Amino acid sequence: MTPHDHKAHEERPHRHHYDAEMLSVEDARERILSFFSRLEPAEVSLLDALDMVLAEDLVAPQDVPPLANSAMDGYAVVASDLSEASESSPVDLPVAFSVAAGQLPSAALKPGSVVRIMTGAPVPDGADSVVPFEDTDELERRKNGNAAEDRIGIKLAAQPGDNIREAGEDIAKGEVVLRSGSLLRPGAIGVAASLGRSHVMAYRRPVVAIISTGDELLDPGAQPQPGKIYNSNAYSIAAEVKRYGGVPVISGIARDTVESLENRLADAVESADMVVTSAGVSKGDYDVVKDVLAKKGEIALWSVRMRPAKPLAFGTLDGPGGRKVPHLGLPGNPVSAMVAFEQFGRPAIHLMMGRSELQKPSIEAILDDPVNNFDGRRVYARVVVYRAESGELRARSTGTQSSGALTSMSAANGLAICPDDVAKIEAGETVTVEMLDWPEAVFSGFGPAR
Ligand code: AMP
Ligand code: MG
């Protein structure tokens, strides 16, 4: 973030306001989110439900575990038989039978005998504790060539309840284990499985259609052509959609003609819950596309008080059956498109998925490099947050802050924020960083080296 980077900043030519208003990021986000609501619940197979929001209360149909079972490999005993047992004078008892995990005990345990039992196996009636193998003379007997099953010497004065997991110890039958609205993290997926569920009801994932606009664009995989660039926005935005839980549909490239854009939009609105376009929101382009968008629905061009990504379009498209499909028009510059999507697209996806926390997680870090703000917009500076040897979190610039330099975004794990009304945050000062990757990437893989 040297002063030279300012000149390179590609958004400076767009400093005219085509819309009298200049919206704060929060105002823009609030307006946008008011057009979205939570989608309907759908039945989802369990693993696919990871990171979705549960749309039903999960009630335990039975106790978990269903039966009292052993927490150790050992012997099920009656504790009162063993009050005299010790390391030096084991109590010698007959082994009545054995029970493995997945079996049911063939009979109740009679006092004066024991049952060989494996971890997870149901404890026979009559037994009140389990003595682990280590506290018996099983190994010595084996060494002496005796069959372990006949008799066993118990070396421990067991207490009732030792090494027994009671039925319903984790979950009692009828208990609401997970409430509707819970985020299905890996542990919750496991809990649902432990209740016997192969599917759950969860708020469905939004389908997000992504249209790139521009005569200069080529699909990745095509031969390079003079004057053309590859369509990276479709992929970076689709990747963000996917990361945040949506279903991205890359709906191709619209050329800078009315007809091309109309065709793309017609396809996209068929099944999408949101349409995202990139480019065409800068002054020259917008005049061309706004008529198309106005015909297909409603659209407004906004100036948002942020850098990068000041120009933003938002509106609704007329979908099938009178459905209004929200349309987010991102700027064309690759970094601007991604940063705007983080601020406006990501919370829209999470809102549709029923997430209650829409705020991006942020941390405080100490800047290695200054962040300059020379025209009163909130700056989102691309940084690497890392844990310094001193233990503190620090943030260093990823280099050029040009909104065309996508590598500065791929190198970053966070966006350091300089508020609208602060002209500069100096090196050594504390800054708030919205994390793009959280938290593992902060503590591994990124170092202080440049
Ligand atoms: P525009 O918003 O059309 O003025 O585009 C701004 C800048 O972003 C130009 O340099 C475009 O070439 C570039 N750009 C637009 N769309 C894409 C895209 N899909 N992938 C990569 N760069 C793009
Ligand atoms: Mg263009």
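This one's a predicted model, so the numbers in the text were calculated from it and none came from an experiment. FYI, the numbering just counts along the sequence from 1. Numbering of ligands and ligand atoms starts at 1, following listing order.
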For atom 15 (C) of ligand 1, state which one of G332, S278, S236, P311 supplies the nearest heavy atom. G332
The atoms of ligand 1 lying under 4.0 Å from a heavy atom of I229, numbered in the order shown, are 12 (O), 21 (C), 22 (N), 23 (C)
Looking at N333, which atoms of ligand 1 are within less than 4.0 Å of one of its heavy atoms? 6 (C), 7 (C), 8 (O)
Could you tell me which atoms of ligand 1, counted from 1 in the order shown, lie closer than 4.0 angstrom to a heavy atom of Y230? 20 (N), 21 (C)
Applying a 4.0 Å heavy-atom criterion (strictly less than), which segment of A234 is in contact with ligand 1: side chain, backbone, both, or neither? neither
Is it true that D420 and R378 have a side-chain N and a carboxylate O under 4.0 angstrom from each other? yes
Run the salt bridge (Lys or Arg N to Asp or Glu O under 4.0 Å) test on R243 and D437 for me, step by step, so that the C-alpha distance in whole Å, both residues' side-chain angles and the decisive distance to 0.1 Å come before the verdict. CA-CA 10 Å; R243 163 170 282 195; D437 292 288; 2.9 Å; yes
Cut-off 3.5 Å, side chains only: do S180 and E56 have a donor facing an acceptor? no
Are G280 and ligand 1 in contact, using a heavy-atom cut-off of under 4.0 Å? yes
Ring geometry between F314 and W302 (parallel below 30°, tilted from 30 to 60°, perpendicular above 60°): tilted
Compute the shortest N/O to N/O distance between L217 and ligand 1 and return yes if it is under 3.5 Å, no if not. no
Which residue, Q343, E434, E342, forms the side-chain hydrogen bond (donor to acceptor under 3.5 Å, both in side chains) with K360? E342
Find all atoms of ligand 1 within a distance of less than 4.0 Å from any non-hydrogen atom belonging to S212, and give their numbers and elements. 19 (N)
At under 4.0 Å between heavy atoms, is it the side chain or the backbone of S232 that contacts ligand 1, or both, or neither? both
For the residue pair E138 and Y75, confirm or rule out a side-chain donor-acceptor distance under 3.5 Å. yes
Flag, side chain of R346 to backbone of L358, donor-acceptor distance under 3.5 Å: yes
Contact region, I253 to ligand 1, non-hydrogen atoms below 4.0 Å, reads neither
